[in-house]
Amino acid sequence: IIASKNDPVEDLLTKREIEILKLIAQGFSNREVGEKLTISPRTVDTHRTNIMEKLEIKNIAALIRYAIQNGYLE
């Protein structure tokens with residue numbers, strides 16, 4: 001499944017994954033995201049990996065570009 005602007009990303013990602021996507025796109029590290037959400041940095045890393053797999057994104061730069069293009073960055 002390749003996500004595009006017309007696909008509701010909520011159908012692909014969980015609420016938690018969307019929350020983590022937003023924080024990563026804002027420049028927070030795994031540790032900082034973990035502290036904000038009271039989860040471990042390793043859990044954040046797992047979520048990020050799952051997000052990237054679901055969206056078929058290969059690197060963090062592309063993930064951040066996706067977040068910006070789809071309105072996840074204020």
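We use all heavy atoms of the structure for the numbers below, so side chains are in, but hydrogens, waters and symmetry mates are not. The first residue of the sequence shown is numbered 1, and numbering continues consecutively from there.
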How long is the span from the OG1 atom in Thr43 to the CZ atom in Arg16, to the nearest 0.5 Å?
-> 9.0 Å
Note: Glu35-Arg31 ion pair, threshold 4.0 Å (strictly below) = yes
Write down the atom of Ala67, the atom of Leu21, and the distance for their closest heavy-atom approach.
-> CB-CD1, 4.0 Å
Atom pair CG (Leu37) and CG (Leu23), whose distance is rounded to the nearest 0.5 Å = 5.5 Å
Should the pair Lys54-Glu17 be classified as a salt bridge under the 4.0 Å nitrogen-to-oxygen rule?
-> yes
Nearest-0.5 Å distance that lies between atom CG in Asn30 and atom CD in Glu32 = 9.5 Å
Measure the spacing between CG of Asn59 and CE of Met52 and express it to the nearest 0.5 Å.
-> 6.0 Å
Say you draw a straight line from NZ of Lys36 to CD of Gln26; how long is it, rounded to the nearest 0.5 Å?
-> 7.5 Å
d(Thr14 OG1, His47 NE2) to nearest 0.5 Å is 6.5 Å
Return the minimal non-hydrogen interatomic distance between Ile57 and Ala62, and the atom names on each side.
-> CG2-CB, 3.6 Å
Give a yes or no on whether the backbone of Tyr66 and the side-chain of Gln69 come within a donor-acceptor separation of less than 3.5 Å.
-> no
Thr49-Thr46 side chain donor-acceptor pair, cut-off 3.5 Å = no
